[in-house]
Amino acid sequence: MINSLIFKRDSRVRAVIMVLIMIIASILLTQDKVKNEDNGYLREVEELSIAKVVVQEVTVSKSLPYIHKSTEPFEVYLDMEKYKLKDYNGKKAIGLGTSYLNFIVYMGDKQIYEFKEDENKVLGSGGGSIFSIIDLPKNINDDMIKIEFTPIIPLESYLIQPLIFGDRSNIVLSTISEDYPSTILVFLLFFLFIVIIVIYLASYKIDTYRKRLLGISLSSFVIGIYVFANLNISTYIFSEYIGLLYFMEYVSLMFFPYPLIKFIEDDLNPVMKRIMKVCSTVIFINFFVQFILVCFKIIEYRQLLLITHMIAILIFANILFCILFSEFENKKQKWIILLSVTPAYVSMVILYLRYKFYDNSFFIRVFAFTMLLFVFVQLYMFIVNYVQMSKDNLLIKVYRRMTSIDTLTGLHNRYALNNDLEEIKSNPTKVTVISIDMNNLKVINDNLGHAFGDKAIIEVGNYLSENIPNSKVYRIGGDEFLVLSKDVLDEEEILKLNLKEIYIEEISEMMDITFSIGMCVYDMVNVQSIDEAIIVSDMRMYENKEKLKKIRKKRYTFTRY
C-alpha cells in the first residue's frame, strides 16, 4: 500500500504540487503593482517610514522601524499631506503591525480606530502580534495621523514597523504577497503532516520506525502551527481570535523539542530512554504551569519566553548527550542520527534570534524552511528504510518458505510440521492427525530405480492433498507422511482412502501403489496433547499395515521392455 502511494504515483503528484506552487507564487508576486486598463488607477501600496515618535512630549525618533525600550506610552505622528490628493481605486487605509500594544488612531482630533485587548480573556489577554488594516476617511482633510500606543504587558522592548498606505484591497494583497513564501511553507508542513500520518497508520505492522515517523509528523504539525500563528495575514483574518493565535504560538514553542524526543527515543539505550521520558515530563509540566499562571492573570506567555527557551535548550542538550553516549550497532548510525537532528538545533537558534532581533518574516521563513528540510530528509530516509526492510522481509519469507517446503513433492516438510505443532501447543484447538506410510517403496527403488520411487512418492502426496479436505500434508520421512486437518474427520472415510488404487504409469503395471493409514482426533478431552495424538495415530497406522499384509496379495512383475 505504501509503495503504491509513494512510488507509483509520486511523479504525477510532485508535478501537480510544483505547478500549483508556481502558479500561486506567480500570482502573489505580481500583486504589488497591477495596472487596471479600464479605469487607469495604479493599484499599489506605499511604505510610511517617515514618522515622528514622541515619548512624554520628547521626540525620540523621526523614522520607522522604532524600538521602544520602556513601558511608557508613546505616540507616532504620520505626515499625510502628500497623500491627500492621491487617488486610489477603493478605500484609503493604513496597515499597522504591532505586538503586545493597545493603540488608538486619530485623524486630526477625531478618533477613527481603537485596538484594545480584552483583559477578561482567559487566554491571550497579553496581546500577541496583530496586523490591523485601518480605514481612513474618503477625503483626508487633516495633515497628520496620530497613533497612541500603550504597552499591554511589561517587556524589555516593543517594535513598531513602517506602516503601509494604500487601498484596503491592495494592502491585503500586499500582505499576502509578502507572506506567500511562509504561507507555502505552512501548506507544505500541514500537507506532509497529513501524508505522514496516513503512512504511520498504514504501517502499523512496522514497529521499528513508527515512533520516528510519529516524531516527523509531530514536527510538521508543531512547526506549521507556529509559523501559521505568526503570519500577518493570519493575524488579520483571525483578528477576532488573536488570543487563540497567541496561545498557539507559545504552546507550539513549548512543545518544539517533544517531536525530536519521539524521533530518537527508540534508538537509545534504556538509561537514555529514561532521561528522555523525564524531558517529556518536563515539557508537559512547563505547559501546565504556564497555562495555569496565564489563566489566573499572574503572568503572560511572552514574559515567560526566557524560561521556555531555557527549558528547550536544556532538553536539546540532553538529547545531544543521549545520542552521544548511547551505544549503537555501529558508529555510522550514531552520526546519521546526529546529522538528522542538526536542522532542529539550527532552528532553535533561529527562534532565539527571531525574538532577539524582531525581524519576524525573515527568521520565521528560515526557521520554517529548516524544519521543512528536516521533515523531507527524514521522510525520505523512512521511505528508503521501509523499501529496504520490505525487500529483506520478502527474502525472509522466501527463505522460510524454502525451508518449510519439501523439495521433491512441494508439500510441507518436518520443519513446517514442528512450527505448526508449536502453534497448536500454544493455542490448543481440535485437530485430526493422520499418519501415512507407503508400502513397497523399497521394492520399487531396488527393482525400478529411485526415479520411479520418487514418482510414486510425489503421486501419493498429491493423492493425499486432493482427498483430505481442509488439511496440510507433510512429508516427514522417505515414505512417511503426516496430515493435520482442522476438521474432525470420520475414521471410516479416512480408512477407505487406502482401498483405492493409485495408478502410476510404468509402475502400476508391475505392482500396486498402496499405503497404510491411521488417525486420531486431538480433542483435548480424550486425547490430552497433540504429541499423544501423533503417537496414537502412528500405532493405528501400523495396525492398518498389518491388516493390509493379510488381505492383499503381493504382485511383483519386473519384466522391462
Quiz item: Does the side chain of I164 come within less than 4.5 Å of E47's, by heavy atoms?
Solution: no
Exercise. Write down the atom of D266, the atom of K273, and the distance for their closest heavy-atom approach.
Key: CA-CE, 4.1 Å
Quiz item: Should F256 and F316 count as side-chain neighbours, where that means a heavy-atom distance under 4.5 Å?
Solution: yes
Self-check item: T183 side chain vs D179 backbone, donor-acceptor pair below 3.5 Å
Solution: yes
Practice problem: Hey, can you tell me if Y113 and F103 have their rings parallel, tilted or perpendicular (30° and 60° cut-offs)? | Solution: parallel
Quiz item: Can you say whether the rings of Y246 and Y250 are parallel (under 30°), tilted (30 to 60°) or perpendicular (over 60°)?
Solution: perpendicular
Self-check item: Criterion salt bridge (charged side-chain N to carboxylate O under 4.0 Å, His left out) on D167 and K92, from CA distance to verdict
Solution: CA-CA 5 Å; D167 293 341; K92 297 174 183 177; over 6 Å; no
Quiz prompt | L159/Q161 under side-chain contact (heavy atoms from CB on, under 4.5 Å): CA gap, chis, key distance, verdict | solution = CA-CA 6 Å; L159 174 68; Q161 293 279 15; 3.5 Å; yes
Exercise. Output yes when a side-chain donor or acceptor of S326 lies under 3.5 Å from a complementary backbone atom of I323, and no otherwise.
Key: no
Self-check item: Separation of L324 CG from I319 CD1 (nearest 0.5 Å)
Solution: 12.0 Å
Self-check item: Side-chain touch V105/I145, heavy atoms, less than 4.5 angstrom
Solution: yes
Quiz item: Hey, does the Lys NZ or Arg CZ of K146 hover above the aromatic six-ring of Y106, less than 6.0 Å from the centre and inside 45° of the axis?
Solution: yes
Quiz item: How about V222 and P259: do any of their side-chain heavy atoms sit closer than 4.5 Å?
Solution: yes
Exercise. Can you label the angle between the F247 ring and the F291 ring as parallel, tilted or perpendicular, going by 30° and 60°?
Key: perpendicular
Practice problem: Using only heavy-atom distances, determine whether the side chains of Y301 and Q303 contain a donor-acceptor pair under 3.5 Å. | Solution: no
Quiz item: Do N230 and E249 come close enough that some side-chain heavy atom pair is under 4.5 Å?
Solution: yes
Exercise. Look at the side chain of N318 and the backbone N and O of L314, then say whether any donor-acceptor pair between them is shorter than 3.5 Å.
Key: yes
Quiz item: If you round to the nearest 0.5 Å, how far is CG of N102 from OG1 of T150?
Solution: 6.5 Å
Quiz item: Which heavy atom in I264 sits nearest to a heavy atom in L268, and how many Å separate them?
Solution: O-CG, 3.4 Å
Quiz item: Between atom CG of L306 and atom CD1 of I313, what is the distance when rounded to the nearest 0.5 Å?
Solution: 8.5 Å
Quiz item: Do Q290 and T308 have a side chain donor and acceptor closer than 3.5 Å?
Solution: yes
Quiz item: Going by heavy atoms in the side chains, are Y158 and S99 under 4.5 Å from each other?
Solution: no
Quiz item: From L253 CG over to L304 CG, what is the distance, rounded to the nearest 0.5 angstrom?
Solution: 11.5 Å
Exercise. Give me the ring orientation class for Y258 and F255: parallel if the planes are under 30° apart, tilted from 30 to 60°, perpendicular past 60°.
Key: perpendicular
Quiz item: Does the Y66 side chain pair with the main chain of S63, one donor and one acceptor, at a distance under 3.5 Å?
Solution: no
Quiz prompt | For the student: nearest non-hydrogen atoms of S220 and L192, plus distance | solution = OG-CB, 4.1 Å
Quiz item: Looking at OG1 of T175 and CD1 of I237, how far apart are the two atoms once the value is rounded to the nearest 0.5 Å?
Solution: 9.5 Å
Practice problem: Could you give me the CA-CA distance, side-chain angles and deciding distance for Y380 and F376, then say whether ring-ring contact (aromatic ring centres under 6.0 Å, His included) is met? | Solution: CA-CA 6 Å; Y380 170 77; F376 266 124; over 10 Å; no
Practice problem: Verify the neighbour count for atom CD1 of I50: are there more than 12 heavy atoms of other residues, nucleotides or ligands below 6.0 Å? | Solution: no
Quiz prompt | N-O pairing of E156 and R302 below 4.0 Å | solution = yes
Practice problem: Measure across S239 and I130 and return the closest heavy-atom pair with its distance rounded to 0.1 Å. | Solution: CB-CD1, 4.2 Å
Self-check item: Shortest non-hydrogen contact from A51 toward V76
Solution: CB-CG1, 3.9 Å
Exercise. Check the pair H68 / F149 against side-chain contact (heavy atoms from CB on, under 4.5 Å), numbers first and verdict last.
Key: CA-CA 10 Å; H68 184 62; F149 291 98; over 6 Å; no
Quiz item: Does any non-hydrogen side-chain atom of L78 lie less than 4.5 Å from one of L163?
Solution: yes
Quiz item: Can R168 and D135 be said to form a side-chain contact (heavy atoms from CB on, under 4.5 Å), step by step?
Solution: CA-CA 7 Å; R168 168 178 274 273; D135 290 326; 2.9 Å; yes
Exercise. Could you give me the CA-CA distance, side-chain angles and deciding distance for F296 and I292, then say whether side-chain contact (heavy atoms from CB on, under 4.5 Å) is met?
Key: CA-CA 6 Å; F296 284 95; I292 291 168; 3.7 Å; yes
Quiz item: Backbone N or O of F131 within a donor-acceptor pair of the N232 side chain at under 3.5 Å?
Solution: no
Quiz item: Taking all atoms of both residues into account, what is the closest heavy-atom pair of S219 and F374, and its distance?
Solution: OG-CE2, 3.8 Å
Self-check item: Neighbour count >12 (heavy atoms, 6.0 Å) for atom CZ, F190
Solution: yes
Quiz item: Hey, are the side chains of Y226 and M248 touching, using non-hydrogen atoms and a 4.5 Å cut-off?
Solution: no
Self-check item: Value rounded to 0.5 Å, distance of CD1 in I134 from CD1 in I94
Solution: 4.0 Å
